[in-house]
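Below, read A as the first sequence line, B as the second, and so on, with proteins coming before strands; counting in each chain starts at 1.
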There are 2 protein chains.
Amino acid sequence: MYPNLIQHIRKYVELDENDVLVLIKYIKLVSLKKKEFLLKEGQVCRSLYFVEKGCLRMFFINDKTVEQITQFALDNWWMSDYFSFMDNKPSDYYIQTVEKSEVLTIDVFSFEELLKELPQMERYFRIIMQRALAASQLKVKYMYELTKEEFYMHFCTSFPEFIQRIPQYMIASYLGLTPEYVSELRKKNF
Amino acid sequence: MYPNLIQHIRKYVELDENDVLVLIKYIKLVSLKKKEFLLKEGQVCRSLYFVEKGCLRMFFINDKTVEQITQFALDNWWMSDYFSFMDNKPSDYYIQTVEKSEVLTIDVFSFEELLKELPQMERYFRIIMQRALAASQLKVKYMYELTKEEFYMHFCTSFPEFIQRIPQYMIASYLGLTPEYVSELRKKNF
DNA sequence: TTTAAATATTAAGCTGGTTTAAGAAATCTG
DNA sequence: CAGATTTCTTAAACCAGCTTAATATTTAAA
């Protein structure tokens, strides 16, 4: 049950069979089709989401017309609007499946209970947050360092699995480019 | 001793007088003048830094000429290159004081020992990382959402204390603008 | 298999923000 | 206080990447 999550946790902390039984008390599995929503703007983000299988995207609506993607989560990634989750505030974001997905959810209350009952999960999430923070800082560095063309090329070579699975216009949005410009770059570079 | 750090920790977890004695075993105070370095490119970032008083900036060198600032840390902020710290890899960054500062440092080894001896610190750092991640995500959102002019104006109204303490050209760098363009914006907007 | 919807391409014109270069003002240092 | 250094301003030329608008292609649904 939830093999990817269990394995992921065990990369960072000890988790015996009993701990697993505790863990699964607090976790819910949600099976979703393509384009289903886990969160919409205005709702409080009440859960952390772990992608067992599939792909999520997080986006907000720019000047009320354009979807601006800020994150993707493929298999074995956590996703949440942490501000909304922590402070119980309405979110500015949507979280939606990009493809058919199996998502594990843990709500605020279960999260706190789980941390009490399995203190090593405090360490696990500390490490997860720390790694997510490092990744976020790296993305910001690339946004500063690279031209948009370089940013796109870098993304293509660094994350070829995204190029396979995610429509081009979504990648454009994630990188802060227009789809038209990505078209131009593809023509130019291949 | 270290009143700001102690108070900061107590905002999130319990810390009795004995715990404080344990904590200070692992922490070092460094007093620095303006423009002193805590980290230089190529070195491994071996510590987490907490600003008791003062101001730090984190930057890297762009195409070998221009300093690109990615973070500031004022009083009560933690700063580190988490990638370098976690994985023991040479950093791309410099960390330098912007003004005379009192900085608390905790190195990798002490960090692990501290977490063993005071497990509630695992929770404290989980929350700190979570908040830093939320802040980083919010910055990325603004970078997507706002024009450079709006980004600058938003920063000025949201963080007036930065405008007081930090030279204008550093703020320009942090926001990804040229100092010349900031000059133009100031003329235009006041 | 047809129709509709979603995704991708092409090309011309335009603009927000950079680059370059020079000088002015403020702040340090002895 | 004087000179050196750091920080800030001004203005013109320039360009990476966007906008607009029309068409083409792929995918999904009926």
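Closest-nucleotide positions on DNA chain C for B/Glu180 and B/Lys34 were compared, and the one nearer the 5' end corresponds to B/Glu180. Each of B/Lys35 and B/Glu184 lies near DNA chain D, and the nucleotide nearest B/Lys35 is the one positioned closer to the 5' end.
Contact annotation for B/Tyr181: base contact, defined as any heavy-atom pair under 4.0 Å involving a base atom.
Read 5' to 3', the first and last nucleotides of DNA chain C with an atom closer than 4.0 Å to a heavy atom of chain A are C/dT7 to C/dA11.
Rounded to 10°, the helix from C/dT1-D/dA30 to C/dG30-D/dC1 has 60° between the axis fitted to its first five pairs and the one fitted to its last five.
For the 3.5 Å distance criterion, the side chains of B/Glu36 and B/Thr97 fail to qualify, holding no donor opposite an acceptor. At a cut-off of 3.5 Å, with distance as the only test, no side-chain donor of B/Ser47 or B/Thr105 sits close to an acceptor on the other residue.
Ring centroid separation for the pair A/Phe125 and A/Trp78 comes in under the 6.0 Å cut-off. Aromatic rings from A/Phe59 and A/Tyr94 are positioned such that their centres are separated by under 6.0 Å. Note: B/Phe85 and B/Phe111 meet the aromatic proximity criterion, with ring centroids under 6.0 Å apart.
D/dT10 atom P lies 20 Å from atom OH of B/Tyr169, rounded to whole Å. Remark: P of D/dC18 and OH of A/Tyr152 are 13 Å apart, rounded to the nearest angstrom. Between the CG atom of B/Leu177 and the P atom of D/dA16 there is a distance of 19 Å, given to the nearest Å.
One distance of note links CG of B/Leu133 with OH of B/Tyr82; it measures 11.0 Å at 0.5 Å rounding.
The aromatic rings of B/Phe50 and B/His8 are tilted relative to each other, their planes meeting at an angle between 30° and 60°.
In plain terms, the two heavy atoms of B/Glu52 and B/Asn4 that are nearest each other are O-ND2, 2.7 Å.
Legend: residues meeting side-chain hydrogen bond (donor to acceptor under 3.5 Å, both in side chains) with B/Gln68, ordered by chain and number and at least two apart, are absent.
Taking side-chain N and O atoms only, B/Gln168 has no distance below 4.0 Å to OP1 or OP2 of D/dT6. At the phosphate of D/dA11, OP1 or OP2 sits under 4.0 Å from a side-chain N or O atom of B/Lys187.
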